[in-house]
Amino acid sequence: MPRGTQVGTSIDDALVVLRRGGLVGIPTETVYGLAADARNEQAVRRIFATKGRPADHPLIVHIADAALVGQWACDLPPAAAILAGACWPGPLTLLLRRRPDVLDAVTGGRDTVGVRVPAHPLTGELLARFGGGLAAPSANLFGQVSPTTAAHVAHDLGDLVDYVLDGGACPIGVESTIVDCTTAPPQILRPGGISVEQIVALLGEGTATSAGAARAPGMLPAHYAPRAKVVLAESGVEAAELAGGGHHVLIVDRTGDLVEYARELYSDLRRADELGVSTIIAVLPPAAGLGHAIRDRLAKAAAAGAAINDR
Ligand code: TXA
Ligand code: MG
């Protein structure tokens with residue numbers, strides 16, 4: 001019998017675990033992360049083993065303050081400085097040229113490192129007291145739905161995680177926007193909590209939204225997948241038609257409020273699995289603001305189901 005997951009609000013307890021090379025579930029404004037000391041190779045390797053994540057999918061380094069970027073990146077290009085100044089702390093990850101002493105286990109052996117300053121009071125204090133960087137992917141098993149509460153982390157990882165710092169439900173609910181600042185112009189590799197429109201307003205029209213798969217190896221077409229099959233609908237009317245009064249179907253439609261849609265998205269997908277429905281019909285929001293990130297995650301959840309059904 002696995003013992004129960006340790007969940008609590010003690011920053012002291014989380015620090016003890018991190019300093020001895022353990023794993024802590026950390027709350028952020030986007031989703032919960034599975035954190036380890038980014039300078040401890042064994043601890044970082046345990047993240048990959050715990051998630052079942054391929055070793056060439058790099059991890060984001062979380063730091064307390066933009067002033068610490070120089071410990072991880074060898075330069076901060078002007079566009080990156082603008083984004084960091086405007087968006088940190090917040091749901092934005094910058095890809096920068098790595099310093100040579102950053103662990104290959106963190107960067108997947110790439111010449112870049114992803115860095116972000118999360119906006120969450122508990123994790124902000126944890127990072128400030130820890131002093132270093134915390135490498136953290138989302139705290140779910142590889143390919144599955146990201147966690148937005150401490151209970152989700154405990155459910156997914158059980159006693160594979162040494163401590164879960166409970167900071168409540170994540171207020172944004174979808175992952176950070178990733179911007180590659182090593183290219184000119186910078187490229188948005190993953191839509192997320194900071195909208196594409198906000199980035200373009202800060203950097204200008206030249207900013208490319210690009211095929212992320214080649215440059216960010218974690219950006220698989222199939223991801224974020226519940227057990228239920230996910231079917232996409234363009235409208236509530238289409239969703240109702242597709243559902244056709246079926247009993248094992250759940251319709252997810254929060255298109256009236258995209259902030260709520262993003263915040264509740266992963267909980268909705270998880271709830272469908274708890275209810276044991278066979279199909280989730282999700283209504284796509286408009287491709288604007290947070291809608292870009294919601295559409296991206298839904299498309300990947302739907303592609304994952306298709307991949308399973310093709311087997
Ligand atoms: O909001 C978030 O970003 C959450 C919270 C916990 O901070 N983290 C998160 O991590 O979503 P993860 O590992 O689930 O997704 C990070 C993505 C992966 O697709 C990874 O391949 C990409 O970022 N990435 C990280 N560092 C990279 C690098 N140096 N080069 C290319 N892609 C990188
Ligand atoms: Mg993830």
Side-chain angles (χ1 to χ4, degrees), residues 23-36 38 44 47-48 50-63 72-74 87-99 102-120 123-124 126-127 133-148 152-153 156 164-165 167 170-183 186-194 210-225 262 266 293 296-297 300-301 304:
L23 303 186
V24 175
I26 58 166
T28 82
E29 76 281 35
T30 59
V31 301
Y32 273 72
L34 179 62
V44 170
I47 293 177
F48 287 89
T50 300
K51 283 194 57 138
R53 177 177 171 115
D56 62 349
H57 287 194
L59 304 177
I60 296 168
V61 177
H62 298 69
I63 54 177
W72 306 92
C74 47
C87 304
W88 281 351
L92 174 75
T93 296
L94 299 178
L95 294 195
L96 301 166
R97 289 201 303 134
R98 71 184 274 195
R99 271 177 48 151
V102 179
L103 290 172
D104 281 338
V106 170
T107 66
R110 300 191 150 230
D111 55 6
T112 57
V113 62
V115 185
R116 97 173 182 98
V117 179
H120 190 287
T123 291
L126 177 72
L127 283 167
L134 293 178
S138 50
N140 51 284
L141 297 175
F142 179 65
Q144 297 185 8
V145 180
S146 302
T148 53
H152 292 164
V153 181
D156 291 2
V164 182
L165 189 59
C170 302
I172 293 180
V174 290
E175 292 82 350
S176 61
T177 305
I178 301 179
V179 182
D180 184 349
C181 294
T182 67
T183 59
Q187 297 181 51
I188 301 172
L189 299 190
R190 177 175 75 181
I194 298 275
S210 81
R215 298 210 37 98
M219 246 68 78
L220 303 175
H223 209 149
Y224 311 105
Y266 294 139
D296 173 76
R297 306 308 189 270
K300 287 177 177 167

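Counting starts at 1 for both ligands and their atoms, following the listed order.
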Rounding to 0.5 Å, atoms CD1 (I178) and CD1 (I60) come to a distance of 5.0 Å

In short, L59 meets A136 closest at the heavy-atom pair CB-N, 4.5 Å

If you compare L34, I47, I178 by their heavy atoms, the one closest to atom 22 (C) of ligand 1 turns out to be I178

key: Whether T177 side chain and I194 backbone form a donor-acceptor pair below 3.5 Å   = yes

Heavy-atom proximity to atom 25 (C) of ligand 1, picking from P91, P58, G25, points to P58

Short side-chain to backbone donor-acceptor contact, T148 and C170, under 3.5 Å: no

Q | K300 side chain vs A225 backbone, donor-acceptor pair below 3.5 Å | A | no

Heavy-atom contact check, 4.0 Å cutoff: does R190 meet ligand 1?
yes

The answer for which part of L95 has a heavy atom under 4.0 Å from ligand 1 is side chain

### Task
Answer yes or no: is there a donor N or O on one side and an acceptor on the other, between the side chain of Y32 and the main chain of G167, under 3.5 Å?
yes

Exercise. Looking only at distances, please establish whether an N/O atom of ligand 1 is found under 3.5 Å from an N/O atom of H57.
Key: no

In terms of its nearest heavy atom to atom 7 (O) of ligand 1, the top option of H62, R97, E175 is H62

For A38 and V44 the tightest heavy-atom approach is CA-CG2, 4.1 Å

*asked:* Against ligand 1, does V113 come closer than 4.0 Å with any heavy atom?
replied: yes

Regarding ligand 1, does R53 bring an N or O atom to under 3.5 Å of one of the ligand's N or O atoms? yes

Quick look: K51 vs ligand 1, heavy-atom contacts under 4.0 Å, and the answer is neither

I'd like to know whether the aromatic ring centres of Y266 and H152 sit less than 6.0 Å apart in this structure. no

If we number the atoms of ligand 1 from 1 as shown, the ones under 4.0 Å from a heavy atom of P137 are 10 (O), 12 (P), 13 (O)

Counting from 1 in the order shown, the ligand 1 atoms closer than 4.0 Å to a non-hydrogen atom of S176 are 1 (O), 2 (C), 3 (O)

Atoms of ligand 1 under 4.0 Å from any heavy atom of G33, numbered from 1 in the order shown, are 6 (C)

| query | Can any side-chain N or O of R190 pair as donor or acceptor with the backbone N or O of S176 at less than 3.5 Å? | reply | yes

key: Heteroatom distance test (T30, ligand 1): nitrogen or oxygen, under 3.5 angstrom   = yes

For the pair R116 and E175, find out whether any cationic side-chain nitrogen is under 4.0 Å from an anionic carboxylate oxygen.
-> no

For D104 and R98: C-alpha separation, side-chain torsions, deciding distance, then whether salt bridge (charged side-chain N to carboxylate O under 4.0 Å, His left out) applies.
CA-CA 10 Å; D104 281 338; R98 71 184 274 195; 2.8 Å; yes

Sorted by chain and number, sequence neighbours left out, side-chain contact (heavy atoms from CB on, under 4.5 Å) with P186 holds for A79, V179, L203

Margin query: Quick check against the 3.5 Å criterion: does T28 have a side-chain atom that pairs as donor or acceptor with the backbone of T30?
Written below: yes

*asked:* I'd like to check whether T112 has a polar contact with ligand 1, where a contact means an N/O of the residue lying under 3.5 Å from an N/O of the ligand.
replied: yes

Nearer than 2.8 Å to the Mg ion (ligand 2), the protein contributes N, O or S atoms numbering 1

